[in-house]
There are 2 protein chains.
Amino acid sequence: MTAKDNKPQTRIQRKKHALILDAALDVFSTDGFRGATLDAIAARAEMSKPNLLYYFASKEAIHTALLSRLLANWLDPLITLNPSGDPLQEILSYVQRKLEMARDYPRESRLFAGEILRGAPHMGDALRSDLRRLVDEKATVIQGWIDQGRLAPHDPHHLIMSIWAQTQHYADFDIQVRAVLGDADWAGAEAHLKQLFTRMLTPT
Amino acid sequence: MTAKDNKPQTRIQRKKHALILDAALDVFSTDGFRGATLDAIAARAEMSKPNLLYYFASKEAIHTALLSRLLANWLDPLITLNPSGDPLQEILSYVQRKLEMARDYPRESRLFAGEILRGAPHMGDALRSDLRRLVDEKATVIQGWIDQGRLAPHDPHHLIMSIWAQTQHYADFDIQVRAVLGDADWAGAEAHLKQLFTRMLTPT
DNA sequence: TGGCAATTTGACCAACTGGTCAAACCCACG
DNA sequence: CGTGGGTTTGACCAGTTGGTCAAATTGCCA
């Protein structure tokens with residue numbers, strides 16, 4: 001049995017898989033798919049290039065594995081948006097979770113951003129199916145809250161876009177943020193976004 | 001006299017320079033710096049690769065030329081923010097101009113985004129000098145408005161970041177936006193951002 | 001029109017890079 | 001032990017790509 005079957009079996013396979021994916025995340029998120037080289041990934045994972053290709057069929061296979069693992073984590077905070085919770089609190093929690101993810105997983109955020117920026121050649125379908133379905137579902141929830149007068153009126157889809165844009169911005173455009181703020185300011189970002197969305201969404 | 005001197009002189013040099021930069025913008029914004037090839041740029045500009053290299057010393061020289069030309073245009077809307085104007089109107093105008101730039105110049109926006117995402121290897125210095133100075137200056141103006149009670153209180157630096165994040169998002173993450181909204185919706189985006197910033201900034 | 005500089009290009013090269021392969025190595029288990 | 005599968009790697013290959021160069025072509029102006 002070769003290691004290229006669907007799921008890793010042995011202990012060592014699981015370990016090497018994880019090691020490779022972590023190294024690849026470093027390299028892909030820094031240099032992009034085209035800029036990344038198998039040699040760089042192999043070096044970061046402290047193994048030879050043929051050894052790396054023993055565990056993954058190709059450069060693209062590594063990239064795809066990373067992205068599919070990523071999408072689930074990425075959708076998770078939105079999934080937990082609770083239709084029976086307090087509207088403003090639910091959205092503020094979502095904003096905060098997204099910001100925490102940007103702070104704690106900047107490599108993942110940048111990998112995702114690079115993929116989208118290039119036209120999502122490896123996950124366009126997932127965006128148009130899974131992501132869209134989830135966003136539509138949650139947009140309906142938000143619209144319901146608005147119709148009940150529990151949130152100030154806004155287009156729910158664009159509201160979700162505003163949340164994504166602003167939270168991910170702090171990870172993806174980190175260099176620009178640091179250039180302007182002088183240094184990272186996650187506490188300031190959190191306070192700012194909380195105030196922004198509170199003023200924006202509190203019904204009058 | 002060779003064409004690699006600082007400024008193009010002859011009519012044909014100016015024409016070819018512009019032709020190359022336009023082609024390069026297509027390719028760089030679509031494939032990124034590493035993904036772009038001189039062959040692709042030359043093909044798009046309908047000339048041979050050596051001919052292209054007759055006008056620009058290297059691939060990087062083309063990229064740098066694009067970026068430096070870009071930064072000026074990018075800063076322009078913020079420069080025109082008028083300290084003697086009406087605070088809310090000035091900021092809403094700025095938001096609108098930025099959104100129009102994202103709509104009308106998506107290639108430029110994506111080129112910029114790619115550069116920042118990769119850590120700004122070709123324009124980090126410009127960010128830390130020109131950009132930072134301008135942002136600090138305008139942040140002071142905004143803070144003045146807030147101190148006068150003419151705008152609701154927010155951190156001016158983070159406010160500017162919010163504007164950048166949300167306007168550029170519609171260009172840079174276009175594929176994701178289309179996947180979620182079904183299609184581009186610039187009118188909806190404009191209305192949404194206007195409402196968002198109005199509610200956020202109107203003093204209570 | 002002649003001649004010189006500007007422009008253009010086919011042919012080429014060296015470095016890089018994704019991927020292959022056969023041989024070597026390790027290691028659990030009989 | 002030893003043996004057979006899983007694991008590791010040095011050497012290698014072919015395609016791509018940034019860049020060079022000498023020669024050919026074009027365009028301008030005296």
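Quick note on labels: first sequence line is chain A, next is B, and so on, each numbered from 1. Since this is a predicted model, take the numbers as computed values, not measurements.
Sequence neighbours left out, the pairs with a member in residues 173-185 of chain A that pass side chain to side chain donor-acceptor pair (under 3.5 Å) are A:D174-A:R178, A:R178-A:D183, A:D185-B:H158.
Within the 4.5 Å cutoff, the side chain of B:N73 has no heavy atoms near those of the B:Y105 side chain. Considering only heavy atoms from C-beta on, A:H63 comes within 4.5 Å of A:E115 through its side chain.
Atom CD of B:Q13 is separated from atom C1' of C:dT8 by 13 Å (rounded to the nearest Å). A straight line from NZ of A:K59 to C1' of C:dG18 spans 8 Å, rounded to a whole angstrom. Protein atom OH of B:Y55 is 12 Å distant from nucleotide atom C1' of C:dT9, rounded to whole Å.
Of the residues in residues 18-42 of chain A, those with a non-hydrogen atom less than 4.0 angstrom from any atom of DNA chain D are A:R34.
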Which atom pairs, one a donor and one an acceptor, fall under 3.5 Å between side chains of residues 38-52 of chain B and the rest of the protein, sequence neighbours left out?
residue : atom : partner : partner atom : Å
B:R44   : NH1  : B:D26   : OD2          : 3.3
B:S48   : OG   : B:N51   : N            : 3.3

Anything under 3.5 Å between a donor and an acceptor, one on a side chain of residues 87-95 of chain B, the other on a protein residue two or more places apart or in another chain? List them.
residue : atom : partner : partner atom : Å
B:E90   : OE1  : B:N82   : N            : 2.8
B:S93   : OG   : B:Q89   : O            : 2.9
B:Y94   : OH   : B:W164  : NE1          : 2.8

Heteroatom pairs (N/O) under 3.5 angstrom, protein to nucleotides 9-12 of chain D:
residue : atom : partner : partner atom : Å
D:dT9   : OP2  : A:S48   : N            : 3.3
D:dT9   : OP2  : A:S48   : OG           : 3.2
D:dT9   : OP2  : A:N51   : ND2          : 3.2

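Tested against B:D22, the residues B:R69, B:R107, B:K16 include a single salt bridge (charged side-chain N to carboxylate O under 4.0 Å, His left out) partner, B:R107.
Using cut-offs of 30° and 60° on the angle between ring planes, the pair A:Y55 and A:H17 is perpendicular.
Residues passing the salt bridge (Lys or Arg N to Asp or Glu O under 4.0 Å) test with A:K59: none are found, sequence neighbours excluded.
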